[in-house]
Amino acid sequence: MEETRSLNFIEEFIEEDIANGKHGGRVHTRFPPEPNGYLHIGHAKAICLNFEIAKKYGGKTNLRFDDTNPATEETEYVNAIKADIRWLGYDWEDREYYASDYFGQLYEYALDLVRKGLAYVDDSTAEEIAVQKGTPAEPGKESPYRSRSVEENVDLFTRMKDGEFPDGSRVLRVKVDLASPNMHMRDPVIYRIKRQHHHRTGDTWCIYPMYDFAHGQSDSIEGITHSLCSLEFIHHRPLYDWFISQLGIFPSRQIEFARMNVTYMITSKRRLMQLVNEGLVTGWDDARMPTISGLRRRGYPAAAIRTFCDKVGIAKRDNWIEIELLESCVRNELNQTALRRMAVLDPIKLVISNYPQGQTELLPSENNPEDETSGHRDMPFSREIYIEREDFMIDPPKKYFRLSPGATVRLKSAYIITCERAVVNESTGEMEEIICTYYPDSKSGSDTSGIKAKGTLHWVNAPTAVKGEIRMYDRLFTTENPLAEGVDFLSKVNLESLKVLNNVVLEPALAEARVGEGFQFLRQGYFTLDRDSTPEHLVFNQTVSLKEGWTNKE
RNA sequence: UGACCCAUGGUGUAAUGGUAACACUCCGGUUUUUGGUACCGUCAUUCAAGGUUCGAGUCCUUGUGGGUCAACCA
């Protein structure tokens, strides 16, 4: 049975190109990050799209760093970006490229345009050029330097490259169409003078190409057949095509799709950096951040992110993806793969008064009911255990299936117990422990008691409990769209998005957890061991809660 | 008030001229030694108005609404 999936509009274009025999049916895409920040969930969509579409059509995907602005780009980001893409599960093999690899070629292309009389050196200031460009409603005006001779332009551009002029004093512009309703066609700047140390080319160059002159040509040089980018570049496409045609180089095709918005998230590198700099999060990989590194630390599996990027779809309309879809993908993945463990987040002691003093038995408990091959582990059980404080109520509401005086529940993988009473500290009024009795013949797996218990509780054996810390997370923002107009997004940061629980007790098997490993803590949610952990102090991040079926709405 | 892009349930994506599908969310139910999972059910006549057609979510026109574009950023 093959599931027939409809094509998205990009796949339709590609299949059309293949059917027409374009490029011999070859498909080659690229992911072109600028190494000036960390990758986020929005980049994940682009990464998945480019790699998956190439895979689907038997093609390849290049990784290309778009490093044409040395003022903001750093090697640190290059390394982080590569690690994130690999973690997501994609491999660019030996095709790791940099736009800066092409600086020489790009310079030759520019010289070619100058010689063809299609580019000129402009001495105008940035402000003057902005004025010359006009407005969307009025056409632009010619720069006084537009009519320089080819010889003079060749001379001046060469000297720009040779470092004879100060930064910002001149630019190279291309002669396209000053009357075009498309602002990008009004003689765009393609080279600027900028004495900045470049992370790869060092001080070799003092002129750097602009995006429009670097991106498309890089695609072309690499033989990229389909250059997928976000909608805001749609106005650049005529220029993209113009360069290809004037230069007579390999015709890559740019196709634009809508980037996604995810509720309660932002995907602006600048604003993400603000969160870091203002100390509202602990870093780029804070588990609340929408960065790939943040999601990873939070415990979101790469497979879940890939599924999410697939389910989100590809189209051209503005869209708001509900964060619930992402969480659903995460739960679905973790439900299949995460080992079940027990942890009590807010413990209260429970004493089984008729259980033999000093006795301990090992009770087997399944590692994952969704995966028969996952086996089981043995959980120690004795007279004193911990249960969740919220699993006991002196005076319960009608449909409370948990413990209360006289109530009977099952301890998961152990025995059925009945609550006798609660011990309250007379001076503080605080509940100190719960006294219960158990039914020896109700042991899990060999229950002959015939007793029915409505609720099942998770628990941790007291003498062997491992203490730990759990970081509980909530959405980073208080509104679905923190960038909605009228307010500063920083005022929408949820100041209660992190709650640290320091009094957690964990079952002993958890001492063997590895950093990044995901578990389901029964009845609580999914958690992953944080890198802040030490053998003496385990720290778990809450990845996502379990879906809540019942809530105590009095 | 220039040009370009877009318009299908609460959200996202499908339906490629033949009578609106799938997923998430929400709400209700069945099963359950996780109030999880699984399973079942409820929730839209497609922005508006004209037109073409036997037939329009799909094609055409005009509106309306939303978005994008005027960095020596990418």
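Side chains are part of it too, since the values below use all heavy atoms of this structure and drop only hydrogens, waters and symmetry mates. Chain letters run A, B, ... following the sequence lines, proteins first and then strands; every chain starts at 1. Note that the coordinates shown come from a computational prediction; the quantities given were computed from them, not determined experimentally.
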Inset, instruction - Indicate yes or no: does Glu256(A) engage Arg237(A) in a salt bridge with an N to O separation below 4.0 Å. - result: yes

Inset, instruction - Give one of base, sugar-phosphate or nothing for Gln520(A), where a contact means two heavy atoms less than 4.0 Å apart. - result: base

Inset, instruction - Would you classify Gly455(A) as touching base, sugar-phosphate or nothing, given that sugar-phosphate means primed atoms plus P, OP1 and OP2, and contacts are heavy atoms under 4.0 Å? - result: nothing

Legend entry - Nearest-angstrom distance from the residue atom CD1 of Ile255(A) to P of rC4(B): 20 Å

Legend entry - Pair pattern of RNA chain B in dot-bracket, where unpaired bases get dots and | marks partners in another strand, Watson-Crick or G-U under 3.5 angstrom: .((((((..((((....[..))))..((((.......)))).....(((((..]....))))))))))).....

Inset, instruction - Take Leu325(A) and Asp447(A), find for each the nucleotide of RNA chain B with the closest heavy atom, and name the residue whose nucleotide sits nearer the 5' end. - result: Leu325(A)

Legend entry - Carboxylate-amine/guanidinium proximity below 4.0 Å for Arg148(A) and Asp123(A): yes

Legend entry - Polar pair under 3.5 Å, donor/acceptor by atom type, side chain Glu324(A), base rU11(B): no

Inset, instruction - Can you tell me the distance, in whole Å, between the CG atom of Leu546(A) and the P atom of rU32(B)? - result: 19 Å

Inset, instruction - To the nearest Å, give me how far apart CD (Glu322(A)) and C1' (rU13(B)) are. - result: 13 Å

Legend entry - Qualifying residue, where the test is salt bridge (Lys or Arg N to Asp or Glu O under 4.0 Å) with Glu366(A) and the options are Lys412(A), Arg340(A), Arg377(A): Lys412(A)

Legend entry - Length of the line joining Lys316(A):NZ and rC4(B):P, which is rounded to integer Å: 13 Å

Legend entry - Is_stacked (Trp320(A), rG12(B)) at 5.5 Å, 30 deg: no

Inset, instruction - Answer yes or no: is there a side-chain heavy-atom contact under 4.5 Å between Tyr240(A) and His184(A)? - result: no

Legend entry - Phe519(A) six-ring centre to Arg341(A) NZ/CZ under 6.0 Å and within 45° of normal: no

Inset, instruction - Provide, to the nearest angstrom, the distance between the CG atom belonging to Asp310(A) and the C1' atom belonging to rG12(B). - result: 12 Å

Inset, instruction - Considering only NZ, NE, NH1 and NH2 on the basic side and carboxylate oxygens on the acidic side, decide whether Lys443(A) and Glu361(A) come within less than 4.0 Å. - result: yes

Inset, instruction - Please evaluate the base of rG2(B) for a donor-acceptor partner in the side chain of Glu138(A) within a cut-off of under 3.5 Å? - result: no

Inset, instruction - Using the C1' atoms only, state how far rU25(B) lies from rU13(B), rounded to an integer number of Å. - result: 15 Å

Legend entry - No-H, no-angle donor-acceptor pair, Arg410(A) side chain to rU33(B) base, under 3.5 Å: yes

Legend entry - C1' spacing across the pair rG66(B) / rC47(B), given as an integer number of angstrom: 11 Å

Inset, instruction - Describe the nucleic acid contact of Ser444(A) in one word from base, sugar-phosphate, nothing, applying a heavy-atom distance below 4.0 Å. - result: base

Inset, instruction - Flag the pair Met273(A) / Tyr38(A) as yes when at least one side-chain heavy-atom distance between them is below 4.5 Å, and no otherwise. - result: no

Inset, instruction - Would you please confirm or rule out a distance under 4.0 Å between OP1 or OP2 of rU8(B) and any side-chain N or O of Arg317(A)? - result: yes

Inset, instruction - Pick base, sugar-phosphate or nothing for Ile314(A), based on heavy-atom distances below 4.0 Å to the nucleic acid. - result: sugar-phosphate

Inset, instruction - Only counting residues at least two apart or in another chain, list the ones meeting ring pair (Phe, Tyr, Trp, His ring centres under 6.0 Å) with Phe521(A). - result: Phe527(A), Phe540(A)

Inset, instruction - Could you tell me whether Glu11(A) and Lys56(A) have a side-chain N and a carboxylate O separated by less than 4.0 Å? - result: yes

Inset, instruction - Please report, rounded to the nearest Å, how far the C1' atom of rU34(B) is from the CD atom of Glu390(A). - result: 13 Å

Legend entry - Closest to the Lys547(A) side chain, choosing from rG36(B), rA15(B), rG35(B): rG36(B)

Inset, instruction - Nearest whole angstrom, please: distance from the C1' of rC5(B) to the CG of Asn319(A). - result: 14 Å

Legend entry - Nearest-angstrom distance from the residue atom CZ of Phe257(A) to P of rC4(B): 23 Å

Legend entry - Nearest-nucleotide 5' precedence on RNA chain B, Ser413(A) against Tyr526(A): Ser413(A)

Legend entry - Sugar-phosphate, base or nothing in reach of Pro139(A), heavy atoms under 4.0 Å: nothing

Inset, instruction - Remember a base hit wins even if backbone is also touched, and classify Arg186(A) as base, sugar-phosphate or nothing at under 4.0 Å, heavy atoms. - result: nothing

Inset, instruction - Output yes when Glu327(A) and Arg475(A) qualify as a salt bridge under the 4.0 Å nitrogen-oxygen rule, no when they do not. - result: yes

Inset, instruction - Would you indicate what Gln524(A) reaches in the nucleic acid, counting non-hydrogen atoms under 4.0 angstrom: base, sugar-phosphate, or nothing? - result: nothing

Legend entry - Asp101(A)/Arg64(A) salt bridge by N-O under 4.0 Å criterion: no

Inset, instruction - Looking at every strand, decide which applies to Arg331(A) at a 4.0 Å heavy-atom threshold: base, sugar-phosphate, or nothing. - result: nothing

Please list, for nucleotides 66-74 of chain B, all pairs of protein and nucleotide N/O atoms separated by less than 3.5 Å.
residue: rG67(B); atom: O4'; partner: Asp318(A); partner atom: OD2; Å: 3.2
residue: rU68(B); atom: O2; partner: His235(A); partner atom: NE2; Å: 3.2
residue: rC69(B); atom: O4'; partner: His235(A); partner atom: ND1; Å: 3.4
residue: rC69(B); atom: O2'; partner: His184(A); partner atom: NE2; Å: 3.2
residue: rC72(B); atom: N3; partner: Gly168(A); partner atom: O; Å: 3.1
residue: rC72(B); atom: N4; partner: Ser124(A); partner atom: O; Å: 3.1
residue: rC72(B); atom: N4; partner: Gly168(A); partner atom: O; Å: 3.0
residue: rC73(B); atom: OP2; partner: Arg192(A); partner atom: NE; Å: 3.1
residue: rC73(B); atom: OP2; partner: Arg192(A); partner atom: NH2; Å: 2.8
residue: rC73(B); atom: OP2; partner: Lys194(A); partner atom: NZ; Å: 2.9
residue: rC73(B); atom: O3'; partner: Arg192(A); partner atom: NH2; Å: 3.3
residue: rC73(B); atom: O2'; partner: Asn69(A); partner atom: ND2; Å: 3.1
residue: rA74(B); atom: OP1; partner: Thr68(A); partner atom: OG1; Å: 2.7
residue: rA74(B); atom: OP1; partner: Arg192(A); partner atom: NH1; Å: 3.3
residue: rA74(B); atom: OP1; partner: Arg192(A); partner atom: NH2; Å: 3.0
residue: rA74(B); atom: OP2; partner: Tyr211(A); partner atom: N; Å: 2.9
residue: rA74(B); atom: O3'; partner: Asp66(A); partner atom: OD2; Å: 3.3
residue: rA74(B); atom: N6; partner: His236(A); partner atom: NE2; Å: 3.3

Legend entry - Options rU37(B), rC24(B), rU33(B), nucleotide nearest the side-chain atoms of Ser328(A): rC24(B)

Legend entry - Pairwise P distance, rC6(B) and rU61(B) [rounded to whole Å]: 14 Å

Legend entry - Verdict with supporting geometry, His198(A) and Phe103(A), ring pair (Phe, Tyr, Trp, His ring centres under 6.0 Å): CA-CA 12 Å; His198(A) 187 279; Phe103(A) 281 170; 5.5 Å; yes

